[in-house]
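This report concerns only the one structure given below.
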There are 2 protein chains.
Amino acid sequence: MATPLEKARKDPDSMKARILHKARLIFGQYGFHGATTRMIAEEVGIDISTLYYHWGEKSDLYEAVILDINEDLRTRLLEVEDIIHGMPIEKRLSISLDLMTEYLFDHAEVSNLILFRYFAKTRDESALDFHVPEVVTDIARSLGLAKDRKSITNEIRMQVLGLMNAIHNFVSGENFFRSMLKIPREEYIALAKETIQFLLLPAFAGTRPNGGRIEERNSAKSVEKNSKA
Amino acid sequence: MATPLEKARKDPDSMKARILHKARLIFGQYGFHGATTRMIAEEVGIDISTLYYHWGEKSDLYEAVILDINEDLRTRLLEVEDIIHGMPIEKRLSISLDLMTEYLFDHAEVSNLILFRYFAKTRDESALDFHVPEVVTDIARSLGLAKDRKSITNEIRMQVLGLMNAIHNFVSGENFFRSMLKIPREEYIALAKETIQFLLLPAFAGTRPNGGRIEERNSAKSVEKNSKA
DNA sequence: CATTGTTTCCAACAATCGATGGAAAACTAA
DNA sequence: TTAGTTTTCCATCGATTGTTGGAAACAATG
């Protein structure tokens, strides 16, 4: 109950939480430099100084936003992990992709913010260079791509990044891609899911000649405990 | 020989071209709002007003940058198309991915700018909402995923977008991902190539049970002509 | 009620942004 | 050289940015 972020997450109706929520959307749409504190304040319907009263500097608010979506994402990943637990590898992957795609389409700002963090630089790098614990390792273990934390190679890490980014791309690119395909949102979402499965599932299908760096299944259950960071 | 962009592309040593080149890099790293005209001018080593003399408004320069990388990318795609022509589908895809990955790692700002355009909004949308001809259709035909322009479905379009974005992600995300994997650049590039092939090739491998929506091969050669926009 | 602490807004600040007018410099052509 | 054109820079503008001080409004406590 110390940091402003913890307060905001505890009471979603509080002013801190309302600001944080709108900040997620604005930062997600325009990026750090594209978003202005005035845009966020106006979206909440408050004066700009109220925003500063609650969150301090712009970069502090941005940091809170990143940590916030990271926590949400981690929570959702744990839920998905629970659902797919015990299933064979192909089903685990297929269902994970579907559920995460569904979730991210409902919270597109999460994908936006993650991609911004991956790809965009910031003028004052030092202010925004806080470290967020990467979930890549947890995903790899949850999917069964590696027995435990220590056996996760860089190859597997890259594969997981590829999986995650495939989803983020179709979610964040919705506006651009949809105007290109000229289809309604529901159709686009369905098509995105279908395409993700089509592109990525075969790589992890049980019997493939090359690159057999995937575990068969049922290797977790004992490691399941230390998923809490 | 009318537009400033055409002049710049014609004479790469001209001031216009020098500004355009640095603008590519800066816009690519920081995005439209993150980049400032002063940053670009300083990078070139000129006064800011010289930049305005040659390119006018910031958004005009940005537009020129987008059109410029689009032209470069199209040129490279045509070269690749020439190389893979006549090969079987799997080889075509494999080599295309490799060559385009190689090319984009050498011109990372191209991937950056494309992703920015896909994912980021701009405060003044109207100024930057110029239309760039999409190459998705050409890629699909070149790869042999469809016989001709008219037989390209939205499913195929989405698959091509998935292919392209997979490359862009690993290229643009190099800084972020590499600091996570703690490996040198060459190793990262090799790993990226390997991962892209690992993830995406199986989906288009000849004999697969589901989703057989790919043409076999050797259906182009007559359509080859109208690739020039 | 009065008082104390918390929250919100108004007004303004310095810094930085995009952009321009005009003089100086550099170049071209005679 | 001279005249004319093109290019570059200096100085500056207004608008917008992030940020803050301080007054008002509100809430809780005695």
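Across its full length, the helix from C:dC1-D:dG30 to C:dA30-D:dT1 shows an angle of 0° between the axes of its 5 terminal pairs at either end, rounded to 10 degrees.
Between the CD atom of B:Glu42 and the P atom of C:dC17 there is a distance of 11 Å, given to the nearest Å. Rounded to a whole Å, the CG atom of A:Asp124 is 14 Å from the C1' atom of C:dT16. Atom CH2 in B:Trp55 sits about 13 Å away from atom P in D:dT7, given to the nearest Å. B:Tyr62 has its OH atom 17 Å from the C1' atom of C:dG18, to the nearest Å. Whole-Å rounding puts the A:Asp13 CG to C:dT7 P distance at 15 Å. Between A:Ile46 atom CD1 and D:dC26 atom C1' there is a gap of 16 Å when expressed in whole angstrom units. Rounding to whole angstrom units, CD1 of residue A:Ile19 and C1' of C:dT7 are separated by 11 Å. Atom CG in B:Leu61 sits roughly 11 Å away from atom P in C:dG18 (whole-Å rounding).
Shown here are the side chain to side chain donor-acceptor pair (under 3.5 Å) partners of A:Asp68, two or more places apart in sequence or in another chain: A:Arg9, A:Arg24.
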For nucleotides 17-24 of chain D, give me one character per nucleotide, 5' to 3': B if any protein heavy atom sits under 4.0 Å from the base, S if the only such contacts are to the sugar-phosphate, - if neither. BBBBB---
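A cation-pi arrangement is found for A:Lys58 relative to A:Phe32, the charged atom lying closer than 6.0 Å to the ring centre and inside a 45° cone about the ring normal.
The nearest pair of heavy atoms linking A:Phe170 to B:Leu161 is CE2-CB, 4.3 Å. Closest non-hydrogen pair, B:Ile156 versus B:Leu145, comes out as CD1-O, 3.2 Å. Nearest heavy atom pair, residue A:Arg157 against residue A:Ile152, reads NH2-O, 3.2 Å.
Between A:Asp138 and A:Arg74, no side-chain nitrogen of the basic residue sits less than 4.0 Å from a carboxylate oxygen of the acidic one, so the salt-bridge criterion is not met.
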Verdict with reasoning, A:Phe119 to B:Phe116, per ring pair (Phe, Tyr, Trp, His ring centres under 6.0 Å): CA-CA 8 Å; A:Phe119 304 145; B:Phe116 265 121; 8.3 Å; no
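B:Lys16 NZ to B:Lys10 NZ: the interatomic distance, rounded to the nearest 0.5 Å, is 14.0 Å.
Distances shown here put a side-chain N or O of B:His54 below 4.0 Å from the OP1 or OP2 atom of D:dT8.
For the pair A:Asn70 (side chain) and A:Ile66 (backbone), a donor-acceptor distance under 3.5 Å is absent.
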